[in-house]
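Could you have a look at this structure, given as structure tokens, before my questions?
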Amino acid sequence: MERTHTCGELRESHVGRHVVLMGWVAKKRDFGVFTFIDLRDRHGLTQVVVSEETAAEAHAKAKNLRGEFVIAVKGEVVSRAEGTHNAKLATGDIEVYVREILILNDAKVPPFQLEVAGSENLASEDTRLKYRYLDLRRPALQQNIIMRAKAVKAIREYFDDRGFLEIETPILLKSTPEGARDFIVPSRIHTGKFFALPQSPQILKQITMISGLDRYYQIARCFRDEDLRADRQPEFTQLDMEMSFVNREQVYREMEGMFNHVLKLIDVNLPAEWPRMTYSEAMRRYGSDKPDLRFGMELQDLSDSLKESDFAPFADTLRAGGEIKAIVVKGKAHYSRKQTDELQEFVRRYGAGALAWIKLGDETTSSLLKALGEPKIAELASIAGAEKGDAVLIVAGKKPVVAAALGALRNEVARREDLIERDRYECLIVTEFPMFEHDDETDTYVAAHHPFTSPMDEDLELFRTGVNDPSQHHLLGQVRAKAYDAVINGYECAGGSIRIHQKEVQALNFKALGMTPESARARFGFFLDALEYGTPPHGGFAAGIERTCMILCGTENIRDVMAFPKTASAQDLMMDSPGDVDNAQLDELGIAVIEPHP
RNA sequence: GGGGUCGUAGUUCAGUUGGUUAGAACGCCAGCCUGUCACGUUGGAGGUCGCGGGUUCGAGCCCCGUCGGCCCCGCCA
């Protein structure tokens, strides 16, 4: 018996055809003399009918069927009787009248129901992860996996069409202490030495440019041994690309082109040229380098108006170079004390000391009323752009804290108040990221992007001075990079930069990052050598496949777009990894496992 | 490393102030049923209340510890 059709393709036009379907029993409805079976495969669901009268043997077999049995049915496609059509099913106008059933395999009773009436009442995630093969039978999850395959195909189409070469780079690389924690792999042949898995193919893709391959791309698996989040797994996939002889705008065009091509999969048309915003503007207006532009609620600066204030928390903040900013929540003057307390708890996670508020209800109330007086409260509300009925939420503190707290609060309030339209897609390219970030703990500057990112031409002098004059080291904090991110709906979907292609600038950068020429050589010597043999100007970007698919699938969890994800504690519950290895294996590698310190 | 939250039948959940025999729905098993598609209907089985300790005459409920899921902060060049 050979399958002739899938369970999703039969329509009215097939009526009269004799077909063979194969799939899983999704549901059986037994009426004694005849039985309905919902037969499921990746493509859909088809109702098949077995009658005792016309197919006694098949009907007897149908009696014994249970959920998730694998069967083949042979029969005729018939039009459903008047009034028995099912509009919820793509195949709901027909059914297959069965002559013969073949049980291809039986199945144990699943540990959880794949589809629950009323939906949403899915089994807990750890149960589903343990039986991932069953969870993956759920049509909703299958649709995500299918969408991911389409997205990757669309990406390959895009870059193929534009003359990019797909080039694979090694998974076994060398550990570099920069950046995220590496996953390391012991070498048997070189006992005591280790490979590292790529955090990204960064250096290798740049070397393909030095090699003159001109335009590179890769669907690259990346590994970072850091803690997980709803949108972060230790193992993930990037679209990685690099091109030679380009400026920033040319790279933006490819980012826009690729995402626009991919988003067509869900009938979303983004503008040919995306809006651009500098990093500093994004931080000032939204408190985030990946602002969600599907709603407003921009940050308002109240610092000027409070300059003369003798209210200690504000005065101290401003004296220390901090700022006082606010967001206005439209129509929420009726926020209760409990609600503002919750929001205060929320901003405290980001280091904010408190959340002050003004409520413009029938009366104006404020947590600052005693401290500032009524006229000042009214002035602040007005500066913030609040109107009657609105609530103003205020945070004071160091600039990074205010940005982080209010930026996150803005998203949180939008989520709570349901301010985000489901079908809206807002994209943005954030430009001119800072070259360095200050590490308060060590009082040093670290690369904000990665150590091969080119500074802005305009800031080159600032950069040189900051590096070479120890007394001017703080200038590094002002140097901007030719680095950029692509942001869709508040998710950082891609990031990249124009790279340094001159050895001198690269050496300067290593020095800025606190590396001696010797230590830089020890880590990146091969790359420094390569830079000396005629490196073309080049740049590129890397896009997170999972984050892009999360947007395509409308989910907020990365596990929904990966076939075999890990838990928040980085375990695979299905195969129970990570696991132990034999002592013999360890001996061969010269590795001894020591008990962790108590 | 830190914080929050959850853990009761195969699954999702309820379980009052600490009090008799821990319930419901779905699923499962057995029967009936000629048009269902969340089929209906009759009956039945099914519990280490995550685990360990403590308080108490008595703990699913209170306390301490621990394990696990999820979310967040730190971390993620």
*Considering only side-chain heavy atoms of T127(A), which listed nucleotide, U11(B), G35(B), C39(B), is closest?*
U11(B)
_Taking donor-acceptor contacts at under 3.5 Å, does the side chain of E95(A) reach the base of G35(B)?_
yes
_Exercise: do E12(A) and S79(A) side chains pair donor with acceptor under 3.5 Å_ = yes
*Using only heavy-atom distances, determine whether the side chains of D240(A) and Y216(A) contain a donor-acceptor pair under 3.5 Å.*
yes
List every contact pair, protein side and nucleotides 1-7 of chain B side both N or O, where the distance is under 3.5 Å.
none

*Rounded off to whole Å, could you give me the CG-to-P distance for the D560(A) and C70(B) pair?*
12 Å
*Compare side-chain N and O positions of R547(A) against OP1 and OP2 of C76(B) and report whether any pair is under 4.0 Å apart.*
no
*asked:* Using heavy-atom distances to pick each residue's nearest nucleotide on RNA chain B, tell me which of A568(A) and A448(A) is more 5'.
replied: A568(A)
*Closest-nucleotide 5' rank along RNA chain B - winner of Q571(A) and T84(A)*: T84(A)
*Specify the separation, in whole Å, of atom NZ of K88(A) and atom C1' of A38(B).*
7 Å
_Whole angstrom value for the distance that separates P of C37(B) from CZ of F34(A)_ = 11 Å
*Integer-rounded Å distance: C75(B) P and D231(A) CG*: 16 Å
*Can you say whether the rings of F36(A) and F34(A) are parallel (under 30°), tilted (30 to 60°) or perpendicular (over 60°)?*
perpendicular
_Nucleotide nearest L573(A) when distance is taken to its side chain, options C71(B), U36(B), G69(B)_ = G69(B)
*Face-to-face stacking of F36(A) with U36(B), centres under 5.5 angstrom, angle under 30°*: yes
_If the test is salt bridge (Lys or Arg N to Asp or Glu O under 4.0 Å), which one of K27(A), K28(A), K88(A), R29(A) qualifies with D38(A)?_
R29(A)
*Quick one: the side chain of R232(A) and the base of C76(B), do they pair up donor-acceptor inside 3.5 Å?*
yes
*asked:* Given U34(B), G69(B), C70(B), identify the nucleotide with an atom nearest to the side chain of D126(A).
replied: G69(B)
_Please report the interatomic distance CZ(F195(A)) to CG(L173(A)), rounded to the nearest 0.5 Å._
9.5 Å
_Proximal nucleotide (of C70(B), G35(B), C39(B)) relative to the T567(A) side chain_ = C70(B)
*Does S124(A) place a side-chain N or O at less than 4.0 Å from the phosphate oxygens OP1/OP2 of G69(B)?*
no
*So, is N86(A) close to the G35(B) phosphate, meaning a side-chain N or O under 4.0 Å from OP1 or OP2?*
no
*asked:* Within the 4.0 Å limit for protein heavy atoms, which parts of nucleotides 27-33 of chain B are touched? Write it as a string from 5' to 3', B for base, S for sugar-phosphate only, - for none.
replied: SSS---B
